[in-house]
Structures are given as structure tokens and as C-alpha cells.
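All chains are named by letter (A, B, ...) in the order of the sequence lines, taking the proteins before the strands, and each is independently numbered beginning at 1.
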Protein chains: 2
Amino acid sequence: MTVPPERGPRERMVFSAAQLLRRGGVAAAGMREVAAHAEAPRGSLQHYFPGGKEQLVNEAVGWAGRYAARRVARFLAALPEPTPSGLFAAMVRQWTQEYEAAGFAGGCPVAAATVDCSQNTESTREAATAAFDAWTGAVADALTGMGVPRERAGSLATLMIGSLEGAILMARARRDVRPLTTVSAELGPLLDAAVESRSQH
Amino acid sequence: MTVPPERGPRERMVFSAAQLLRRGGVAAAGMREVAAHAEAPRGSLQHYFPGGKEQLVNEAVGWAGRYAARRVARFLAALPEPTPSGLFAAMVRQWTQEYEAAGFAGGCPVAAATVDCSQNTESTREAATAAFDAWTGAVADALTGMGVPRERAGSLATLMIGSLEGAILMARARRDVRPLTTVSAELGPLLDAAVESRSQH
DNA sequence: TCGCCTCTATGACAGTCGTCATAGTACGGG
DNA sequence: CCCGTACTATGACGACTGTCATAGAGGCGA
């Protein structure tokens with residue numbers, strides 16, 4: 001969410017759109033501003049995104065979903081011993097670290113797109129569902145890999161991402177990471193209790 | 001959230017602003033549109049809200065916070081026997097019922113204001129924190145009344161509202177109430193386990 | 001050299017936004 | 001009757017927005 005890749009102008013614009021989405025919603029992600037933030041020529045917008053702002057926002061949302069799913073895999077790989085609470089703590093920690101290091105400027109771009117467009121712009125709503133699905137799918141896969149029964153894993157993934165999104169909102173409003181640490185601490189035991197310990201049978 | 005009070009035009013405009021905020025964020029809550037939705041004269045806007053749109057949005061957010069807190073008290077009073085899981089289920093059910101009856105048009109106005117303004121407009125950010133505080137305070141009070149230890153009640157209230165907000169986002173994106181019912185079902189046992197049963201000591 | 005394709009540059013258009021200035025109505029007390 | 005106060009009406013202004021039309025670079029193959 002922080003490192004701009006050294007790719008071409010098109011990817012830079014998608015990335016910048018996501019970043020501006022995070023800050024102030026779709027209204028704050030103006031086309032001219034996206035181009036400026038990406039240090040990309042304004043004239044390229046209509047070339048790379050003939051679908052206009054709608055396409056740009058949708059791609060930004062899709063990118064964010066894939067990014068989140070990728071992060072889950074990385075967190076999983078970095079855990080000394082994989083537990084659900086450990087994974088959730090890592091997901092939460094990413095946000096607390098950003099907020100403590102760089103301030104509470106940004107939220108989740110998928111949430112922003114959902115809030116601003118889910119009623120008026122069908123395609124953006126679909127992009128948001130796809131992003132959420134990719135994210136929850138990655139978390140659910142990680143949970144099943146830890147021994148959580150398959151039907152339960154999906155529910156817990158929804159719970160994890162839901163409470164994370166809500167905590168992000170409250171943390172940003174209060175300029176305080178405590179909502180994030182709170183949900184992590186409260187949810188930890190519940191998550192770990194869902195793994196079927198083979199010693200139990 | 002659904003019944004417009006028969007009050008004066010000023011209150012109607014605040015109410016309408018909240019309702020439009022719910023649908024498409026602050027950008028969708030234009031001044032002219034608020035007046036039209038409230039069936040209030042456009043000329044009254046600058047009279048009742050000399051602080052401009054910022055004031056209008058802030059009052060809408062404050063109204064939403066007080067409304068949410070009031071609802072918690074009502075849910076509590078309507079429970080046959082008050083349990084944390086029962087309260088949470090009632091809070092969630094309000095949203096599932098709205099979505100099943102009226103479609104997924106609206107989200108939480110406080111979330112919308114947070115997403116769109118928390119960086120640029122300090123006063124709106126403060127209004128959002130106040131709304132969240134009022135809401136979590138009401139929930140925490142209800143929990144302590146059920147026998148949840150005081151320091152735990154605040155944390156659980158944050159968890160409840162956080163996961164509710166996140167589930168609202170996902171439900172709206174997917175046009176499916178399942179995220180809401182899922183978090184309610186998954187969180188129920190955890191919540192009820194937090195009441196200090198006096199038979200346990 | 002020519003033609004072609006990818007990409008960029010720039011100005012203009014129509015629309016919407018929040019805000020303001022100004023004038024007008026309604027009404028209640030003096 | 002008159003004046004002040006509360007509220008409404010309306011048009012205009014400037015600052016945006018997303019989109020488009022048009023034209024210009026730059027490279028690459030033939």
C-alpha cells in the first residue's frame with residue numbers, strides 16, 4: 001500500500017488512484033489529480049482508460065483486492081507458527097504501523113468505493129465484491145491450512161475482515177489505533193479456538 | 001433511520017442529509033438535493049446552516065450518532081432476557097431487515113463521513129468520533145448492565161460496532177445480508193461468555 | 001520517405017457544486 | 001400603521017469536475 005512500483009505510467013495511475021481513494025473517497029480522486037500524483041501525463045488517461053473514471057476506480061479497487069490477498073499469503077509465510085490469531089494480529093499490525101508512522105490519512109480503498117459508488121455504479125460495486133471475495137478467500141484458505149474446518153473458515157474470514165474494516169473506520173475517526181488493537185485482542189482467542197486440534201480426538 | 005419526523009424544515013434537512021450521506025457519501029449529498037429531498041426551501045439552507053455544507057454534514061453525523069445510541073436503549077428494553085448476543089443480534093437485525101425490505105441502497109452515514117472527510121475536514125472527523133463514542137458508550141452501558149465487567153464492556157462494544165460496520169460494507173458490496181448474519185452468529189458465544197455469571201463464583 | 005501505431009498535449013465544453021448577494025414575504029409587537 | 005425579525009426566493013459567480021476533439025510527437029517496419 002505504500003511502495004509505488006517502478007512500472008509504467010498506466011500502473012502508476014492505478015496505484016495513485018487507489019491511494020487517493022484511500023484518503024478522501026472517489027470525489028477526492030479526480031482524474032487530473034490522479035495523473036499529477038502518478039507523475040503521468042494527463043493525456044494518457046483517455047488512452048489507457050477509455051472507460052473513464054469508472055474504469056480507473058474499478059481497476060484501483062481490483063488492484064487493492066489482489067494486494068490484500070497477496071499480503072495475507074505473505075503474513076502467513078512470515079508467521080513462526082501459523083495460528084489464526086497470529087494471522088489476524090499481523091493483518092491488524094499493518095494498519096497500526098502505518099497509522100503510527102504516517103498518520104491517519106488513509107483508509108481502505110475498497111471501503112471508500114463501496115461507500116461512494118455501491119448504489120449508483122454497478123460495475124464499481126461488482127469490483128468491490130470481487131476485491132472482498134479475493135481477500136476473504138485468501139484468509140479462508142489460510143485458516144483451513146491451519147486446521148480450521150472449511151465451512152467455519154469462510155465465516156471467520158468474514159468476521160476478521162469485517163471487524164478489521166470497522167476498526168479502521170473508528171481508528172481513523174478517533175486518530176487512535178486502539179480500536180484496531182482491541183478487536184485483535186478480543187478476537188484472538190475465538191479464532192484460535194476454531195482450529196481442530198488433532199490431539200483433541 | 002427510516003421514519004422522517006414531522007418536525008420543522010431544519011430537522012428535516014438534517015435528516016435528509018443523513019439519508020443522502022448513507023446512499024452515496026458526501027458528494028452525493030449536495031445542498032440543493034438535500035433541500036429537495038427534505039421538501040424544504042433552498043433559501044433556508046444558508047439561514048439555518050450558516051456554516052455551510054460542513055455544518056450540515058456534521059449535524060447529520062451527530063444526529064446519526066444519537067439515533068444509534070437511542071436504538072441501543074430500545075433494543076435493550078425490547079429483549080425478553082437481556083444477553084449480549086441478543087443485543088448484537090437485534091442491532092444486526094435492524095440492518096438485515098432494512099436490506100431485505102428496501103434494498104441495499106444505504107450504509108452508515110458516520111462511516112461515509114469518515115471515509116470522505118476524516119482527512120480534510122477536522123470538524124467532521126470530530127463529529128464522527130463523537131458519534132462513534134455515543135454509540136459505543138450506549139452499547140458498553142448495556143453490556144455492563146448485563147453483568148459484563150466494566151473494562152471489558154468497552155472493548156466488546158468496539159468489537160461489536162466495528163464488526164457491524166465492516167459487515168455492512170461487505171453486505172452492501174455483495175448485495176447479500178450474509179456477512180451480517182455471519183458476524184452475528186460467530187460473535188454471539190464470545191459475547192455471552194463475557195458476562196460474569198454469579199453462579200460461577 | 002512514407003505510413004502507421006502508440007502515446008502525449010492542450011484547450012474547450014457542458015455540467016454541477018457550494019456560496020453569496022439581493023430582494024422579497026410573513027408576522028408579531030410597538 | 002410601521003418597523004424589525006424570521007424566513008424564503010432566486011439568480012449569479014467562480015471553481016471545480018469528467019469528457020471530448022483535435023493535433024502533435026516518437027518510434028518502427030516497409
* ring pair (Phe, Tyr, Trp, His ring centres under 6.0 Å): which pairs involve residues 104-148 of chain A, sequence neighbours left out? ->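 Pairs touching residues 104-148 of chain A that pass the test: Y99(A)-F104(A).
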* To do: Mind jotting down which residue pairs meet the ring pair (Phe, Tyr, Trp, His ring centres under 6.0 Å) criterion with at least one end in residues 18-57 of chain A? Sequence neighbours excluded, please.
  =>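 Residue pairs passing ring pair (Phe, Tyr, Trp, His ring centres under 6.0 Å), neighbours aside: none found.
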* With the sugar-phosphate defined as primed atoms, P, OP1 and OP2, and the base as all remaining atoms, what B/S/- string results for nucleotides 8-15 of chain D, 5' to 3', for protein heavy atoms under 4.0 Å? -> BBBBB---
Which residues pass the side chain to side chain contact (heavy atoms under 4.5 Å, CB included) test with [X], sequence neighbours left out?
X: N120(A); value: none
X: A69(B); value: A138(B)
X: T83(A); value: S85(A), D192(A)

Protein-nucleotide distance ([X], atom [atom1]; [N], atom [atom2]), rounded to Å:
X: R10(B); N: dC7(D); atom1: CZ; atom2: P; result: 10 Å
X: L45(B); N: dA21(C); atom1: CG; atom2: C1'; result: 16 Å
X: F49(A); N: dT8(C); atom1: CZ; atom2: P; result: 11 Å
X: D116(A); N: dG18(D); atom1: CG; atom2: P; result: 13 Å

* Among residues 50-58 of chain A, which contact DNA chain C at a heavy-atom distance under 4.0 Å? ->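 By residue number: none to list.
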* Which salt bridge (Lys or Arg N to Asp or Glu O under 4.0 Å) pairs, counting each pair once, include a residue from residues 176-190 of chain A, with sequence neighbours left out? ->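 For residues 176-190 of chain A: D176(A)-R178(A), E186(A)-R152(B).
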* Asked: Are any of the side-chain nitrogens in R10(B) or E59(B) under 4.0 Å away from the carboxylate oxygens of its partner?
  ->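 So R10(B) pairs with E59(B) through a salt bridge.
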Please write out the pairs of protein N or O atoms and N or O atoms of nucleotides 25-28 of chain D separated by less than 3.5 Å, giving the distance to one decimal.
none

* **Those residues that, when tested against R42(A), pass salt bridge (Lys or Arg N to Asp or Glu O under 4.0 Å) (two or more places apart)** =>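 Result, salt bridge (Lys or Arg N to Asp or Glu O under 4.0 Å) vs R42(A): none returned.
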* **Residues that R66(B) engages under side chain to side chain donor-acceptor pair (under 3.5 Å), provided they are two or more places apart** =>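 If we apply the side chain to side chain donor-acceptor pair (under 3.5 Å) test to R66(B), skipping adjacent residues, there are no hits.
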* Asked: Can you list every side-chain hydrogen bond (donor to acceptor under 3.5 Å, both in side chains) pair that touches residues 124-133 of chain B, not counting sequence neighbours?
  ->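 Listed once each, the pairs are N58(B)-T124(B), E122(B)-R125(B).
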